[in-house]
Amino acid sequence: MKRVLYNTIILLAVILLTGCAVRNRDNPLDPGAESTPPLNITIEPQNGNVQISWNVNELKDFTGFRLYRSVGDSSNFQLLMEFPATIRQFTDRYVNFSKWYYYYLTVLGVNNESKPSKIQKIMLGPGETWILSSYGYSVNQLTYDLTHVQQNYNLQFPPVSWAPDWTDGQIWLSTRYSYLTRLNLNEGAEDFFYQKDSVQPTDVQWDATRLCLYILDGSSANIYTMKNNTLTDSTQLPSGNYFKMALSPDNSKLWAIGTDKAVELNISGKSTRTLSFSEGYQGKDISAVNQSVYAMTEAGNLDLSEIIIYNTENGDSTSLQATGRLELIRPAPDGTYFWVSEKIAPNNYRAVKLSASGQRLLQLSAMQSIDDLQINPVDKSVLVVQRMQNKISLFNSEGKLLSSTENIYDPIRSVIK
């Protein structure tokens with residue numbers, strides 16, 4: 001009898017111990033739970049505020065939520081708001097530009113609180129960043145801090161250049177395989193395709209004054225004009241290898257740059273001026289700001305560059321000499337400085353800030369590539385696109401890194417809107 005009682009006690013102990021060992025800890029409201037709460041939290045900018053939304057799946061008997069926030073870094077979270085169980089969104093209106101804001105959410109039970117959700121962060125700033133991806137076949141709209149993709153538009157062909165028409169909500173694209181297409185942002189897809197064997201689109205420029213598109217065919221040294229989806233005119237450029245265009249700020253003149261010259265055309269498509277580059281110098285880039293057009297040239301064997309500045313009002317041109325093999329040029333909106341890319345060695349570049357007289361003001365750390373630069377006209381921050389690294393970085397006006405992302409495949413062009 002004693003042996004039977006002893007065995008029964010042992011059996012009960014084993015059952016109790018085994019039950020404790022397999023206790024379910026998946027309920028996020030269980031104080032000992034090992035899982036995080038089933039919360040999907042999303043944050044995005046909205047008119048200078050932060051819009052926070054969330055949803056809950058497969059959870060019952062909860063009473064509400066708590067939202068925590070930390071400013072500057074993720075080490076000082078404080079309770080921001082508490083919500084009843086029926087609420088699923090909140091707008092944080094007490095935020096400033098150029099500061100990181102971190103958020104997480106918890107679920108409340110009757111007498112307990114779940115572990116925090118995954119931390120989300122955001123930095124507000126002026127403008128939106130648009131990125132053109134070539135072999136990603138896409139146009140992407142990103143938040144100022146580059147951490148959130150707000151829109152992704154898929155394309156039929158890999159693009160090589162673009163011409164946004166923000167007024168009508170469309171982007172013109174020159175692509176590989178000789179196609180010209182138009183992305184309708186309102187419909188979210190391309191709504192026009194043009195392909196002709198005799199036209200090889202290298203670059204495109206949208207003229208918002210005349211509502212027409214200029215198409216550069218670098219292989220034939222031709223510029224075509226398209227209006228109402230139809231080619232209406234063409235202009236033969238002087239012989240040369242042309243690769244990029246720029247419209248003067250008042251849309252009165254169109255410039256095309258080649259390896260040995262830059263050519264100006266008036267609105268009727270006639271060549272009116274040719275800027276021949278100094279002997280040994282090769283054209284690299286062209287940009288237009290205010291009343292001036294800037295052509296970048298460089299003499300790689302001499303480790304020298306020359307910036308030609310042409311005033312569209314009076315027709316005067318000046319030249320700035322600069323050391324280094326400079327390639328891209330982006331003038332500030334007021335023309336008081338430039339951001340340029342400098343090739344230091346094969347697969348070794350850096351972004352450099354030059355004064356209006358060509359003096360070096362600032363240079364960033366070396367990078368493996370620089371495929372595009374853009375200056376934010378409001379806060380003077382600078383955006384750097386590195387195609388080979390699938391990387392986009394944002395620096396403030398003093399060269400401090402604010403944010404970066406590697407979530408966009410094969411980025412080639414950028415616009416800050």
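Side-chain N or O atoms of D165 include none that pairs as donor or acceptor with a backbone N or O of Q170 at under 3.5 Å. With hydrogens and angles disregarded, no donor-acceptor distance shorter than 3.5 Å links the side chain of S341 to the backbone of I370. Without hydrogens or angle criteria, Q374 side chain to R413 main chain gives no donor-acceptor distance under 3.5 Å. When atom types are taken as modelled, the side chain of Y310 and the backbone of A295 share no donor-acceptor pair closer than 3.5 angstrom. At distances below 3.5 Å, at least one donor-acceptor pair connects side-chain atoms of D217 with backbone N or O atoms of S219. No donor-acceptor distance shorter than 3.5 angstrom exists from the side chain of S174 to the backbone of V204, with no hydrogens or angles considered. When atom types are taken as modelled, the side chain of T106 and the backbone of K115 share no donor-acceptor pair closer than 3.5 angstrom. For the pair D316 (side chain) and N311 (backbone), a donor-acceptor distance under 3.5 Å is absent. Judged by distance alone, the side chain of S287 and the main-chain N or O of I329 form a donor-acceptor pair under 3.5 Å. Using modelled atom types, no side-chain atom of S161 and backbone atom of D203 make a donor-acceptor pair closer than 3.5 Å.
Contact check for L254 versus M245: side-chain heavy atoms found under the 4.5 Å cut-off. Within the 4.5 Å cutoff, the side chain of M81 has no heavy atoms near those of the F65 side chain. At a threshold of 4.5 Å between non-hydrogen side-chain atoms, the residues Y144 and L124 do not count as touching. Looking only at side-chain heavy atoms (C-beta outward), V199 and L231 come within less than 4.5 Å of each other. By the 4.5 Å heavy-atom criterion applied to side chains, F193 and Q156 are counted as neighbours. Contact check for S404 versus K391: side-chain heavy atoms found under the 4.5 Å cut-off. Contact annotation: the side chain of Y194 never approaches that of N229 to less than 4.5 Å [non-hydrogen atoms, C-beta and beyond]. You'll find the side chain of D92 reaches within 4.5 Å of the side chain of R69, heavy atoms only.
Distance check: L394 CG to D145 CG gives 8.5 Å after rounding to the nearest 0.5 Å. How far CD of E342 is from CE of M367: 12.5 Å, rounded to the nearest 0.5 Å. For the atom pair CG (L326) and CD1 (I307), the distance works out to 6.5 Å, reported to the nearest 0.5 Å. Rounded to the nearest 0.5 Å, atoms OG1 (T225) and CD (Q205) are 12.5 Å apart. Atom CD1 of I344 and atom OH of Y349 lie 10.0 Å apart (nearest 0.5 Å). Taken from CG in D260 to OG in S278, the straight-line distance is 12.0 Å, to the nearest 0.5 Å.
A donor and an acceptor atom, one from each side chain of Q236 and N222, are located under 3.5 Å apart. Donor-acceptor pairing under 3.5 Å is lacking for the side chains of Q368 and N347. Side chains of Q389 and S369: a donor-acceptor N/O pair is present below 3.5 angstrom, by distance only. With 3.5 Å as the limit, one finds no donor-acceptor pair spanning the side chains of T259 and N241. Judged by distance alone, the side chains of T209 and N251 do bring a donor and an acceptor atom under 3.5 Å apart. Defined by atom type and a distance below 3.5 Å, a donor-acceptor pair is present between the side-chain atoms of Q51 and T91. Side-chain contact annotation: S178 with Q200, donor-acceptor N/O pair under 3.5 Å present.
Between F77 and Y104, the ring center distance clears the sub-6.0 Å criterion. If you look at W172 and Y214, their ring centroids are not closer than 6.0 Å. If you look at W54 and F90, their ring centroids are not closer than 6.0 Å.
Of the residues L142, I408, N140, the one that meets the side-chain contact (heavy atoms from CB on, under 4.5 Å) test with N152 is N140. Checking each of V382, L383, D372 against R330 for a side-chain contact (heavy atoms from CB on, under 4.5 Å) leaves exactly one that passes, namely D372. Exactly one of I171, L132, V139, T181 qualifies for a side-chain contact (heavy atoms from CB on, under 4.5 Å) with P159. That residue is L132.
Geometric assessment of K353 against the ring of Y337 yields a positive cation-pi assignment under the 6.0 Å and 45° thresholds. Relative to the six-membered ring of W130, K417 misses at least one condition, a distance below 6.0 Å or an angle of at most 45° to the axis.
Here the shortest heavy-atom pairing between I131 and T129 reads CD1-CG2, 3.8 Å. Listed here is the closest heavy atom pair of Q386 and D371: C-OD2, 3.7 Å. Residues S292 and T312 approach most closely at N-OG1, 4.4 Å, considering heavy atoms. Nearest approach of L211 to A208, heavy atoms of both residues: CD2-O, 3.5 Å. In this structure, P333 and V289 approach most closely via the heavy-atom pair O-CG1, 3.2 Å. In terms of heavy-atom proximity, P158 sits nearest to Y137 at CD-CE2, 3.2 Å.
Atom CG of N186 has more than 12 heavy atoms from other residues, nucleotides or ligands within 6.0 Å. Under a cut-off of 6.0 angstrom, the local environment of CD in E279 is sparse, with at most 12 non-hydrogen atoms contributed by other residues, nucleotides or ligands. For NZ of K227, the number of neighbouring non-hydrogen atoms (other residues, nucleotides, ligands) closer than 6.0 Å is greater than 12.
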Trace of the side-chain contact (heavy atoms from CB on, under 4.5 Å) decision for H148 with I43: CA-CA 9 Å; H148 304 272; I43 60 176; 3.7 Å; yes
K118 vs I41, side-chain contact (heavy atoms from CB on, under 4.5 Å): CA-CA, chis, key distance, verdict: CA-CA 8 Å; K118 182 178 179 181; I41 179 172; 5.6 Å; no
Stepwise side-chain contact (heavy atoms from CB on, under 4.5 Å) check, R387 with Y409: CA-CA 8 Å; R387 181 179 186 180; Y409 176 66; over 6 Å; no
Working for side-chain contact (heavy atoms from CB on, under 4.5 Å), residues W100 and L402: CA-CA 9 Å; W100 282 110; L402 296 177; 5.7 Å; no
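Salt-bridge check for D303 with R325: failed, with every basic side-chain N at 4.0 Å or more from each acidic carboxylate O.
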